[in-house]
Structures are given as C-alpha cells and as structure tokens.
Amino acid sequence: MNFKGSRTSSIDLVNCKFLRLMGPHMNSIFLRCFCLVCIVLILRALVLYPLSSILTFEEKRLDWIYSSSISNSQPEIKKGKFLEVPQIVWGLNNQKIALARASLTARMLKRTLLMPSLSASLFYKEVELLEPIAFDKIFQFDRFNALCEGFVQLGRYSEVSNKTEPLELRKGSGRRWTVERDLDQLKEFSETSMTEYEVIRIVGKNPFLWHDHWPVKDYAKIFECLALVDEISNEATRVVSKIQEIGSEVKSKSQTQERSIDSMNSFHMQTPYVAVHMRIEKDWMIHCKKLEQRSNISQICSSKKEIMDRVAHISGLQKPIIVYLAVADSLLEDESVLNGWDEGLLPYEKTRLGVWDVYNRYPYLIKSAIDYEVCLRADIFVGNSFSTFSSLIVLERTQKLMRSGVKNSCGIEVRWGSYAYNILGKSGGPQRWSTDMSASNLQAISYGTNNISC
C-alpha cells in the first residue's frame with residue numbers, strides 16, 4: 001500500500017472540497033495559500049499528538065511542578081479542612097525540610113497544616129529518648145502565617161471540630177514506593193471526593209524521607225516564613241555581639257592593619273567574622289567515608305588540616321579576623337580544633353568565646369538553631385556541600401544576595417559570600433558556593449552534591 005500517495009490524495013481531496021465550498025472567492029492566490037497552510041497545520045497537529053502520550057514521568061512531573069509553583073495560580077485553602085503529620089525528626093535542618101515538605105503537601109491538598117511537633121533531641125535509633133517540642137517553641141506561629149499568607153497556612157488543633165473521623169493517608173516506604181506512586185497518591189487525595197473529611201492524617205514515620213515534588217523556590221518560600229522566636233534570636237545576637245566585640249578588640253590592638261575606607265567597605269562593617277561549619281565529628285566521618293565509597297566521590301570528607309588550609313586561602317580575606325567554629329561539641333573526637341590555624345585567623349568556639357552558658361541550658365534543637373543563625377549572619381560562611389545544615393544556610397544567603405540585586409555571586413567578592421571547603425577552588429582555597437534557585441527539586445540540598453553552581 002502506497003501510504004504516502006494515499007495521504008497526498010487525501011490532502012488533495014480535502015483541499016478540493018474546501019475550494020469548492022468557498023466558491024469564486026478562492027480565485028485569489030493569497031486565499032489559496034492561506035487554505036493550504038491551515039491544512040498543513042491541522043495535519044501536523046494530528047501527526048504530533050501521539051508523541052505527547054509517551055512523555056516520561058519526569059517531564060509530566062516537571063509540568064505539574066511549574067503549574068503549581070509560586071509564580072502561578074495559588075490553590076485556595078479550604079476552610080475548616082486540615083492535614084495532620086507525624087512528629088518530625090532528625091536534625092534541625094532535616095526537620096525544616098520535612099516541615100516545608102509537609103506544608104507543600106498541605107498546599108497541594110488545599111488544606112491547613114496542623115501545627116506539627118518537632119524533636120528537641122537528636123534522633124538516631126533511640127525512639128524512646130525522642131523529646132517532642134512544639135513548633136511555636138522554635139518558630140513564630142503568627143509570623144509564619146503572615147509571611148506565608150496565600151501560599152500555605154498553619155492551624156492549631158483547637159480549630160478542629162472533630163465532626164468526622166480523620167482519613168488516613170498511609171505513606172509507603174522502600175524501593176517499591178516510587179516518586180510516581182507517591183505523587184499519584186497525593187493527586188488522588190486532592191480530589192473533591194476527599195473533601196468531606198475534616199482531617200487527613202498522614203501515617204508513616206520519618207517525614208524527611210517523603211518523596212520530593214516541588215521546586216527549590218517553593219521550599220525557599222517556606223524557609224523565608226520560618227522566623228525564630230525572640231528568645232532564640234536574642235541568644236544568637238548575644239553570640240554574634242561577643243564575636244564582634246572580640247574582633248573589635250583585635251583590630252584596635254593590631255599595629256599592621258591598614259584602616260582604610262576601602263578595607264572597611266569590603267565587608268560593610270567594622271568587625272566582620274568568618275563562620276565555619278566544621279564537620280569532623282566522629283559520626284560524620286563514619287557517614288561521609290561510607291558515602292564516598294557508595295557514590296565513588298572523593299570530595300565529601302575533609303580533615304581538620306584540609307579545612308584550615310583552605311579557609312586560609314580564601315581570596316581577599318582581611319586579616320586578622322575571627323573564625324567562629326560551628327561544631328557539635330559533644331560529638332567531637334578531636335578537641336584540638338583551635339590549634340594549627342594560619343596566622344591572622346583567630347579561631348573561637350563556644351567555650352573559648354565564653355558563651356557556653358548560652359548553649360548549655362538548651363536542648364540540641366535550640367543549640368543548633370542558635371549556631372545556624374550565627375553562621376547565617378557571618379560575612380563569610382564556609383561549610384560542606386554534603387551537609388544539610390550548610391546547604392540551607394547557603395540557600396538563605398543566596399536569597400539575601402538576590403534580594404540585594406546580586407544575581408550571580410560566583411567570581412566576585414561580596415558580603416554573605418559562601419564557600420564549600422570539601423571542594424578545591426582557586427589558589428588552594430574552598431570553592432565558591434551558590435544555590436541554584438531554578439532547580440526543580442531539593443535533591444541536591446537534601447542529600448548533598450558537588451555541583452554547587454559556581
């Protein structure tokens with residue numbers, strides 16, 4: 001069968017019938033051409049249409065992501081409809097990611113997220129030792145709703161009338177519970193048939209392990225709404241003030257420092273400091289070495305000496321300068337972190353800084369929140385690109401730079417500059433680090449990467 005000839009004859013037949021219907025008006029060459037173009041476009045659409053049915057799941061997922069992201073239409077939250085999630089666990093920043101994921105899940109279901117319970121203690125396997133702590137003991141509840149108004153919303157359990165039994169949404173686990181199955185489940189529960197239930201309750205453990213369906217900019221929006229309660233924020237201010245006080249004294253005693261206006265303007269403040277998230281704890285070293293073996297990547301673990309050498313080679317660093325070491329003291333195997341630093345780099349951790357009393361009266365989660373804020377406010381931050389703590393700090397610092405008009409901080413000296421010490425950069429220093437805010441998911445930040453945009 002001559003398919004090509006048959007298809008050509010069909011086109012001619014359609015063309016002739018169309019011409020006959022149009023009558024004498026088709027004598028115009030222009031109109032004839034226009035008619036032929038229309039026919040070609042129609043046939044082209046018919047031929048290409050089947051291709052849309054073989055799009056990969058990832059392409060469909062991305063299409064769904066961008067159709068439901070911040071920049072597009074906002075789903076209207078149904079009044080009196082709630083989503084309940086299990087207690088959120090793991091470290092501070094894994095909990096923040098889990099909280100954001102829960103908020104975005106509620107947004108997709110067009111529901112208010114019931115204020116979740118966080119975990120004050122660091123969770124490993126001792127579930128019985130897990131200390132719950134309310135969200136509003138760490139972050140400001142009303143401020144979250146004010147900043148995220150129209151995007152996501154938190155509610156209190158007192159708002160639930162308990163008129164109906166909660167509908168359970170059970171999260172799967174393991175290799176069989178794929179991204180596709182998870183997304184299909186969420187879409188099913190977002191249908192109108194589920195709206196009769198006042199509360200949808202997610203059943204499952206470790207919400208941090210839920211699958212990711214949202215772009216970085218949606219997560220970033222949630223993180224912007226997380227304002228620490230005044231007590232924790234004020235404690236962080238005390239630590240920063242102590243760092244700057246010592247830095248100011250060092251500068252006043254320095255006889256070699258040139259007090260030029262240009263030197264001060266380079267950091268926009270008189271007493272700048274560097275914050276280093278120093279991952280050398282014994283639990284981290286075990287984890288990162290296993291990760292290097294599994295992923296066949298050598299740029300994950302960093303020794304104390306490697307970190308110190310790379311920080312010393314940061315381009316444009318104005319010495320002397322205070323280097324604040326954010327480190328989990330209780331997990332340290334090597335207590336000599338203050339020794340061996342380059343001349344002009346003055347290392348301080350909690351005890352030497354004289355602020356141990358600030359940290360000592362709080363549980364793990366609040367200690368971590370204070371350290372996070374101290375690192376976030378630093379003029380220069382240096383961390384590990386495979387650490388969630390470091391990654392979220394860089395994300396927020398990238399946002400700060402973008403809001404100040406800096407679209408790309410790679411290769412230029414700016415305040416709020418960030419570096420990854422586990423990746424070798426120019427002149428033996430750490431690699432410049434900026435978050436890719438256009439990424440389609442939070443995979444790189446959740447689990448670490450060597451692709452750090454710079």
Side-chain angles (χ1 to χ4, degrees), residues 58 61-75 77 83 85 88-113 115-116 118 135 138-140 143-154 171 179 182-183 186 202 206-228 368-369 372-373 375-376 383 385-403 418 433-449 451-453:
E58 179 64 15
R61 188 180 77 86
L62 290 176
D63 180 64
W64 175 81
I65 282 173
Y66 289 109
S67 67
S68 62
S69 64
I70 298 173
S71 57
N72 293 295
S73 60
Q74 306 292 332
I77 297 173
L83 178 71
V85 299
I88 295 175
V89 299
W90 299 101
L92 168 68
N93 292 284
N94 289 345
Q95 290 189 53
K96 288 169 70 173
I97 290 173
L99 174 66
R101 196 161 288 162
S103 299
L104 293 169
T105 300
R107 180 175 187 265
M108 182 182 177
L109 299 178
K110 300 178 182 178
R111 289 173 174 262
T112 295
L113 176 66
M115 188 177 72
L118 305 179
F135 170 90
I138 306 294
F139 303 106
Q140 298 181 43
R143 186 160 175 76
F144 180 93
N145 278 341
L147 293 174
C148 268
E149 185 178 6
F151 187 60
V152 298
Q153 187 172 5
L154 285 180
K171 285 284 183 180
V179 177
D182 192 82
L183 184 57
L186 291 180
I202 291 184
N206 303 338
F208 177 62
L209 301 179
W210 296 352
H211 285 297
D212 181 16
H213 305 298
W214 296 275
V216 168
K217 64 178 181 177
D218 281 9
Y219 281 98
K221 173 62 177 175
I222 305 294
F223 298 144
E224 282 187 309
C225 301
L226 292 173
L228 291 171
S368 186
Y372 183 94
E373 192 68 16
C375 290
L376 184 64
S385 66
F386 281 83
S387 162
T388 308
F389 183 98
S390 294
S391 294
L392 286 192
I393 287 173
V394 174
L395 185 153
E396 287 203 52
R397 292 168 71 89
T398 300
Q399 284 181 289
K400 280 187 177 183
L401 286 169
M402 292 177 70
R403 286 196 296 267
S418 302
W433 187 359
S434 177
T435 300
D436 179 7
M437 301 301 292
S438 65
S440 63
N441 60 63
L442 208 66
Q443 175 76 19
I445 293 171
S446 300
Y447 301 102
T449 181
N451 181 15
I452 55 177
S453 297

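One is the number of the first residue; the rest follow in order along the sequence.
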>> side-chain contact (heavy atoms from CB on, under 4.5 Å) for Arg107 and Cys148? Distances and angles first, verdict last.
In response: CA-CA 11 Å; Arg107 180 175 187 265; Cys148 268; over 6 Å; no
>> Is there a side-chain contact (heavy atoms from CB on, under 4.5 Å) between Leu99 and Leu226? Walk through the geometry before answering.
In response: CA-CA 10 Å; Leu99 174 66; Leu226 292 173; 3.5 Å; yes
>> Could you tell me if the side chain of Leu154 sits less than 4.5 Å from the side chain of Thr112, heavy atoms only?
In response: no
> Can you check whether Tyr372 reaches Leu228 side chain to side chain, under 4.5 Å on heavy atoms?
Replying inline: no
>> Is the shortest side-chain heavy-atom distance between Asp182 and His213 below 4.5 Å?
In response: yes
>> Working note: Met108 + Leu183, criterion side-chain contact (heavy atoms from CB on, under 4.5 Å); need CA distance, chi angles, decisive distance, verdict.
In response: CA-CA 10 Å; Met108 182 182 177; Leu183 184 57; 4.1 Å; yes
> Given side chains that start at C-beta, do those of Ile222 and Phe144 come closer than 4.5 Å, heavy atoms only?
Replying inline: yes
>> I need the Tyr447 OH to Ser391 OG distance, nearest 0.5 Å.
In response: 12.5 Å
> Tell me, do Leu113 and Val152 make a side-chain contact under 4.5 Å, heavy atoms counted?
Replying inline: no
> Would you say the side-chain atoms of Gln153 pair up with the backbone N or O of Asn145, donor to acceptor, closer than 3.5 Å?
Replying inline: no
> Do Arg397 side-chain atoms and Ser418 backbone N/O form a donor-acceptor pair below 3.5 Å?
Replying inline: no
> Does any N or O in the side chain of Thr398 come within less than 3.5 Å of the main-chain N or O of Thr435, such that one atom is a donor and the other an acceptor?
Replying inline: yes
> Met437 versus Gln399: any side-chain heavy-atom pair under 4.5 Å?
Replying inline: yes
> Ser390 side chain to Ser385 main-chain N or O, any donor-acceptor pair under 3.5 Å?
Replying inline: no
> Any side-chain heavy atom of Leu186 sitting closer than 4.5 Å to one from Thr105?
Replying inline: yes
>> Ile202 vs Trp210, test: side-chain contact (heavy atoms from CB on, under 4.5 Å). Steps then yes/no.
In response: CA-CA 11 Å; Ile202 291 184; Trp210 296 352; 3.7 Å; yes
> Between atom OG of Ser446 and atom CG of Leu392, what is the distance when rounded to the nearest 0.5 Å?
Replying inline: 8.0 Å
>> When you compare the side chain of Cys225 with that of Phe139, does any pair of heavy atoms fall below 4.5 Å?
In response: no
> Is a side-chain N or O of Asn93 found less than 3.5 angstrom from the main chain of Thr388, in a donor-acceptor match?
Replying inline: no
>> Using a 3.5 Å distance criterion without hydrogens, assess whether the side chain of Asp212 forms a donor-acceptor pair with backbone atoms of Trp214.
In response: yes
